[in-house]
Amino acid sequence: MSPSPTVPRPALRHETVLLAVVVLEWLCFHALGPRFGTLENSFDLLRHSAEIGLLALAMTPVILTGGIDLSVGSLLGLCAVLFGKLWRDAGLDPAAAAGCTLVLGALAGGLNATLIAGLRLPPLIVTLGTYSLFRGLAEAITRGADTFTNFPSAFLFLGQERWLGLPTQAWLFAAVAIAVWLLVHRTTFGRACRAQGFAPEGARYAGLPAGRQLAAVYVLSGTIAALAAVIYTARLGQARADAGTGYELLAITAVVLGGTSIFGGRGSVHGTLLGVAALAILNNGLVHARQPREVAGLLTGALLLLALAAGTGPKLWAARRARATPPPSP
Amino acid sequence: MKAWPRELSVGLALAALLAALAAFAPGFFAPQPLLSLAAREAPVLLVACGAAMVIVCRQIDISSGSQFAVVSVVAGLLAAEGWPPAAVATAALALGTALGALNGFLVAGLGLPSIVVTLATMVTWREGLRWWRQGAFVNLPDGLQWLGLGQTAGQWTLLATALALLTLLALAARHLAAGRHLYAVGSDAEAARLAGIRPGAVTFGAFTAAGALTALAALMNVIQSPQVDPKSGTGLELKAIAAVVVGGVAIAGGRGRLAGVLLGLLLLATVGPALTHLRIEAHWEKAIQGAIILLAVAAEGARRRPA
Amino acid sequence: GRAPEAARDAGGGGKRLTVALLPKSKGNAYFISCRAGAEKAARALGVELLFDGPTDTDPAKQNEIIENWITLGVDVIAAACENREGISTALRKAQARGIKVITYDADALPDARAFFVNQATPEGIGHTLMDEAARLTNAEGEFAVILSTLTASNMQEWLKHIRARLAEKYPKMKLVAVRPCDDQKDKAQAEATTLMSAHPNLRLLMNICSPAVPGAAEAVKQAGKAGQVKVIGLGLPNENRRYVKDGVTDSVILWKTEDLGALTVEAAVALARGALQPGATTFRTAAGASYEVKGDQILLGQPFIFNRANIDQFNF
Amino acid sequence: MSAPLLELRRLTKSFGGARALRGVDFDLRAGEVHALLGENGAGKSTLIRIVTGAHRPDGGTITVDGRPAGPLDPRTAQRLGIACIYQQPALFPDLSIAENLALRLETGGPLRRLDWPARHRRATTLLARVGAPLDPRREVRDLSMPEQQLVEIACALGAGARIVIMDEPTAALTQTEQTRLHGVVRELRAQGTGVIYITHRLEEIFALADRVTVLRDGESVGTRPAAGLTEPELIRLMVGREVAQPYPPAEHPPGDAVLRVRGLGRRDAGVRDVSFDLHAGEILGLAGLVGAGRTELARILFGLTPADAGTIELRGRIVRPRSPREAVQLGFAYVPEDRRRHGVILDLPLAHNASLASHRRLFPGGWLRPAAERRLAEDFIRDLGIRCGGPFAPAGSLSGGNQQKVALARWLATGPQVLLLDEPTQGVDIGAKAEIHRLIRGLAGQGLAVLLISSDLPEVIGMSDRIGVMRGGTLTTLLPGGAAPDAVMAAALGRATEAAR
Ligand SMILES: Nc1ncnc2c1ncn2[C@@H]1O[C@H](COP(=O)(O)OP(=O)(O)OP(=O)(O)O)[C@@H](O)[C@H]1O
Ligand SMILES: Nc1ncnc2c1ncn2[C@@H]1O[C@H](COP(=O)(O)OP(=O)(O)OP(=O)(O)O)[C@@H](O)[C@H]1O
Ligand SMILES: [Mg+2]
Ligand SMILES: [Mg+2]
């Protein structure tokens with residue numbers, strides 16, 4: 001899958017473990033909920049995971065560079081509101097408004113990029129600041145109260161209907177997923193992201209355009225968050241300042257569940273996609289199994305630990321065994 | 001001065017905020033409300049100290065808010081069962097320590113990444129609590145509030161306890177071998193191992209201590225009111241981590257001071273009330289808070305000489 | 001007879017119905033109390049009750065759950081809508097699949113449901129709160145509002161009516177601040193403390209989300225301003241009992257939440273079994289209680305005002 | 001004779017499938033310097049890391065003072081009086097020098113109180129003993145590679161250990177520090193300490209060692225007394241064959257000036273007023289003491305710390321590289337001296353490391369071409385004799401010398417105009433060194449201009465067409481190639497000599 005193994009994993013590859021988990025989940029819920037395996041439900045799954053999935057995709061290159069973007073959820077809210085404003089108050093048609101929103105999302109990502117790549121401030125603090133700032137701007141623009149609704153059905157098609165048999169947004173999601181996968185796994189850009197994540201100084205000494213690279217990653221993240229905002233608006237048929245609250249954490253959860261190292265360098269886009277799938281199936285399947293929502297939270301925690309432990313466990317066990325061999329004594 | 005870079009810019013931001021308050025809303029400095037606010041932030045300071053220890057050792061703990069809620073509710077239920085305060089406190093501290101130790105075991109013992117472990121324990125405790133309690137408040141028996149000390153004395157006690165602990169921890173971080181081991185492990189775990197330090201033990205210790213501090217913080221919060229809200233502590237981990245990183249502790253470990261954490265928390269805890277005092281409408285608040293965080297760190301970034 | 005689809009296909013002829021009840025968020029005492037009533041009613045009626053919702057208020061999550069229920073094939077959905085327009089899309093889809101839909105607590109768009117179980121109109125709540133505030137302050141002086149979050153739609157709705165009533169009837173009163181408490185009692189307490197010190201002439205704190213009422217009361221008590229700063233709000237008796245008795249909190253306004261839950265389930269089942277038809281003017285529950293139906297709204301009755309005199313009669 | 005201080009029997013160790021040690025015997029007596037030699041990847045560092053408890057052996061026995069030592073871990077090893085200077089400094093970058101020393105030297109429970117003034121005093125004393133006039137308050141992250149090396153040496157001295165292990169302590173040191181270190185080692189020997197000394201500079205062995213053990217492919221080829229060994233003999237033991245004359249001669253006379261540097265300086269890096277010309281096909285050696293500013297000069301040229309004075313003229317055009325990326329685009333290449341932090345990315349596979357600086361050339365349009373990358377890596381593995389587990393082994397799993405070859409390979413792949421080499425052969429074994437020398441000479445023959453910074457005096461003298469000597473941040477003297485070592489040393493120390501004029 002990935003072009004070449006970054007590091008040979010002694011035990012099972014994390015993605016393999018995760019794939020098994022996803023299949024297992026599917027079988028489990030299929031047994032528990034008669035309607036779980038229906039096509040219709042699969043479409044629901046796709047539709048519901050598009051936004052978080054997009055944010056997780058955007059987050060993957062960011063984390064690969066050793067950074068983090070806590071502002072994506074807030075930016076989704078801000079972009080949803082801006083989209084609403086552009087459409088309703090500035091009178092743009094939805095397509096033009098969506099285009100402008102993407103540009104604004106890129107600009108917002110650019111703010112992160114400037115502070116992180118330009119001033120070399122730690123991503124965690126910067127995006128903690130913009131996490132608050134973007135949500136705050138969304139609230140300030142709407143005074144907290146304004147809601148944008150009554151979008152034309154041509155626009156709602158994007159979020160609620162099907163195109164060529166699949167939910168419309170699934171096509172967009174797939175396109176972004178493929179693009180990000182190619183970017184991360186098949187281009188020098190992705191390679192440079194990893195280099196940067198492993199050793200920022202080392203990447204600079206190698207003459208890589210480290211600053212521009214870092215900036216690009218955050219701008220990309222902003223743009224994808226804006227796209228997620230447009231899809232979110234189309235799915236719900238409304239835009240409000242609280243859109244996407246807490247989504248950054250869900251996206252990060254999917255990414256780390258997908259095996260990307262929070263310290264940078266290690267990870268894969270298909271891992272992230274599997275992480276998104278594992279969480280989405282869990283959330284959806286539990287409704288079909290008629291379990292309360294809290295159980296989804298509990299199981300998410302368990303899943304995180306199990307998936308990771310399954311990767312590390314055998315390695316650890318081997319290490320234990322090695323230590324247990326008789327000590328070198330005469 | 002090179003020795004206090006980030007702390008200095010945060011200190012300046014705080015000073016500017018306080019100056020604005022002195023000029024436009026001197027009412028902010030009225031002693032009683034200020035004491036109440038300070039007492040409410042005292043538990044946060046302890047959680048932030050724990051977060052700082054964990055971060056200095058190049059790990060992260062985002063489960064502290066959930067731990068806080070679990071300990072609060074359990075302490076409340078025990079007190080409602082009629083346990084004496086000392087027993088409640090002991091049990092709560094033991095529980096918090098155990099929760100921290102569990103994180104520590106998963107991170108140091110099994111070698112799992114701390115962000116994943118604490119993300120998992122965060123959702124597990126939070127959702128487990130919701131499942132178990134279904135959001136019901138716990139009503140505490142009379143006499144537990146302020147431990148019977150009376151309000152003002154109680155608030156001063158809390159504040160003094162938090163500051164004393166901060167001072168002790170800051171001194172320990174500088175003058176005890178164990179404190180320096182935290183920095184050593186955070187700076188380079190392999191070098192630490194070669195120097196005869198056990199990185200696993202140190203990491204485990206940091207998480208355990210953070211758990212104990214969170215439990216103490218939860219207790220300090222519980223005795224401030226006659227009811228326990230099972231939602232308490234929501235978002236606390238983010239506030240604590242924000243205070244720590246704004247206060248100049250490097251997220252990559254090995255660097256930073258608790259004095260900076262205090263400054264960071266003071267800045268973050270002052271902004272909200274300050275905006276109310278300055279009559280700024282609530283829907284501007286998050287934007288302004290974000291801008292202040294960004295300014296405080298950007299000032300530092302712009303000043304720093306390029307490496 | 002566990003399969004809900006069979007139940008619906010059979011037209012509800014004695015099979016076990018599945019009613020899905022959607023709160024705005026779980027772990028909120030208000031909805032927990034609704035659920036208690038709903039469960040009693042469901043047991044009495046012999047239907048299966050699914051109670052699920054987002055852990056924290058999140059309109060997108062509500063839609064997801066409804067869509068999952070559609071696929072799952074429940075018979076009736078009863079939703080408390082965090083977001084009127086957003087959720088209506090999903091509810092219409094449910095209706096299109098033959099699932100009956102009613103709303104309770106907070107309505108969706110009228111075409112997205114058959115009935116709305118109305119515990120009190122936003123207007124009624126806004127006016128009752130404002131009138132009560134005016135009564136306590138002799139209709140003059142400053143007051144402040146603490147709400148859950150700025151973006152919650154019911155908060156904004158109520159606030160709108162509070163403001164309208166204020167402008168219309170009480171010129172000498174002034175709303176000086178609106179602060180969110182994120183549905184946390186501790187945060188509400190801190191906000192109330194700050195509000196009192198920032199606005200020394202504050203006469204009253206109006207708390208329109210349930211955790212804020214005890215939070216504000218505790219703050220007033222600690223500031224030693226009991227009686228001087230009045231506390232009112234929307235809340236539950238048990239959480240406020242001690243402050244009401246101490247005279248810190250003056251009045252807490254609420255409907256009987258258990259009844260709301262029960263009535264919702266009763267109406268849902270009646271709708272599914274065809275006992276409740278559009279155009280009805282009264283609705284008689286299986287237990288024998290009778291409620292007024294006005295257009296497509298089933299009215300629970302007037303909100304209650306809990307105060308020192310009557311609070312001991314209630315336990316929820 | 002009493003029992004040896006340290007005795008290793010049949011030590012084995014493998015990493016994954018790769019066998020690093022295959023049953024090595026070794027012993028160390030009190031009061032001797034025992035040199036451990038071998039090619040890159042022969043297993044020297046692995047052996048000593050077992051002795052210090054950093055690695056656990058797969059098999060074999062360790063005896064200290066005639067008593068079997070159980071499984072060693074770093075703490076036990078310390079208690080047994082074993083101290084070590086690792087090949088790759090095991091320091092804490094965020095902590096001060098004083099604290100780095102203290103953490104390695106102090107013993108006691110975690111709850112003891114620290115005596116900071118005493119820590120500083122001790123650090124000052126130790127640093128003075130190794131001749132490193134550093135402020136103990138400085139953070140290690142700000143130190144240059146050789147300075148870190150000196151701190152490591154101070155660590156090993158301060159431990160008062162009975163067994164001191166030095167893994168290539170002089171790799172980044174110049175003659176002066178080397179001489180001083182030798183003094184210290186002799187002092188230790190006189191006190192009855194046993195010293196294990198690893199180096200690739202053969203002249204050190206004849207100056208210092210009492211006995212020599214040679215490892216080849218994880219096996220001991222034998223232990224000999226140093227006296228009576230000759231250099232060719234030693235090389236044959238290590239490499240198993242003759243190594244050709246180490247310094248290849250220039251084939252063509254240098255061409256036109258490619259690089260003209262005038263009055264170049266940067267105040268906060270301590271470099272000032274450096275002027276020189278570098279010609280096509282020329283190798284200009286740079287000699288100097290630690291801290292003379294050679295590395296800083298290279299960093300300026302490579303855009304890592306842009307100059308604040310003077311000009312750089314590249315092929316007649318004034319250039320001002322402000323970042324390595326710009327410098328690379330202009331045609332500079334820089335092999336840095338700190339290979340672990342800057343030279344290679346330890347977590348990336350060898351092949352990715354090798355291609356990292358030539359993305360534009362190798363991967364037109366930005367699309368990776370795994371086949372081309374693999375070919376590049378395989379070529380270098382063959383040409384430089386890199387011992388590794390294949391082109392996709394992580395660079396961090398290679399031995400120190402092999403990592404250095406990867407760092408070099410990365411820049412050789414870029415096809416630069418000006419090649420800046422900072423200690424290019426540090427830690428590289430004698431056979432590979434000759435190969436690298438031949439390569440550098442070959443590149444110069446193709447018209448490349450090479451600036452060769454090296455602390456290995458014979459190397460500078462042997463390889464360079466001209467030799468520049470830096471002192472106090474500026475280029476003080478230019479000597480012809482093949483100048484006498486004494487003349488270079490004198491210029492570096494600032495003593496006037498006849499030869500310099
Ligand atoms: N952590 C590791 N993982 C995998 N292989 C390793 C590791 N450490 C060392 N090796 C392998 O073990 C062998 C011996 O390495 P070692 O570092 O002992 O060589 P060395 O003799 O010190 O070489 P040099 O002179 O280059 O320092 C090498 O082939 C190396 O690739
Ligand atoms: N004036 C100065 N101010 C600040 N730092 C300085 C100054 N002079 C030198 N240094 C620092 O001293 C260290 C040694 O300098 P540098 O590495 O350039 O010497 P060098 O000649 O390359 O030494 P070596 O021969 O070991 O390579 C560097 O870290 C450099 O930043
Ligand atoms: Mg070695
Ligand atoms: Mg140098």
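What's counted below: heavy atoms across the whole structure, side chains too, no hydrogens, waters or symmetry copies. Please read all numbers here as calculations on a predicted model, not as lab measurements. Each chain gets a letter, A, B and so on, in the order the sequences are listed, and its residues count up from 1.
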Distance, nearest 0.5 Å, that separates CG of C:Leu72 from CG of A:Asn41 | 9.0 Å
When rounded to the nearest 0.5 Å, the distance separating NE2 of A:His48 from CG of C:Asn68 is 6.0 Å
Okay, A:Tyr232 and chain C: the region with an atom under 4.5 Å from a heavy atom over there is side chain
NZ of C:Lys174: more than 12 outside heavy atoms within 6.0 angstrom?
-> no
State, yes or no, whether a side-chain contact exists between A:Arg293 and C:Lys61 at a heavy-atom distance under 4.5 Å.
-> yes
Kindly check if the number of other-residue, nucleotide or ligand heavy atoms within 6.0 Å of NE2 (A:His30) is above 12?
-> no
To the nearest 0.5 Å, what is the distance between CH2 (C:Trp69) and CZ (A:Arg290)?
-> 11.0 Å
A:Thr245 side, atom OG1; C:Asp56 side, atom CG - distance, nearest 0.5 Å | 9.5 Å
Is there side-chain contact between A:Arg240 and C:Gln156, with heavy atoms separated by less than 4.5 Å?
-> no
Part of C:Lys160 lying under 4.5 Å from any heavy atom of chain A = neither
May I ask you to say whether C:Glu64 pairs ionically with A:Arg47, meaning some side-chain N is under 4.0 Å from a carboxylate O?
-> no
Given side chains that start at C-beta, do those of C:Glu67 and A:Val287 come closer than 4.5 Å, heavy atoms only?
-> no
Does A:Arg143 CZ have over 12 foreign heavy atoms under 6.0 Å away?
-> no
When the 4.5 angstrom heavy-atom criterion is applied to A:Tyr247 and chain C, the contacting part is side chain
Scored by heavy-atom pairs under 4.5 Å with chain C, the best of A:Gly237, A:Pro292, A:Ala241 is A:Pro292
Side-chain heavy-atom pair C:Thr89, A:Leu236 within 4.5 angstrom cut-off = no
Which atoms form the tightest heavy-atom contact between A:Glu139 and C:Leu150, and what is the distance?
-> OE1-CD1, 3.7 Å
For the residue pair A:Asn150 and C:Glu85, confirm or rule out a side-chain donor-acceptor distance under 3.5 Å.
-> no
Under a 4.5 Å heavy-atom cutoff, which of C:Val178, C:Ile65, C:Thr55 has the most pairs with chain A?
-> C:Ile65
Quick one: what part of A:Gln291 sits under 4.5 Å from any heavy atom of chain C, side chain, backbone, both or neither?
-> backbone
Closest heavy-atom contact between A:Arg235 and C:Ala60?
-> NH2-CB, 3.8 Å
So, the part of C:Pro54 with a heavy atom under 4.5 Å from chain A: the answer is backbone
What's the shortest heavy-atom distance between C:Thr71 and A:Asp44, and which atoms?
-> OG1-OD2, 2.9 Å
Go through the atoms of C:Glu82 and report whether side chain, backbone, both or neither lie under 4.5 Å from a heavy atom of chain A.
-> both
From C:Thr151 atom OG1 to A:Arg135 atom CZ, the distance as rounded to the nearest 0.5 Å = 7.5 Å
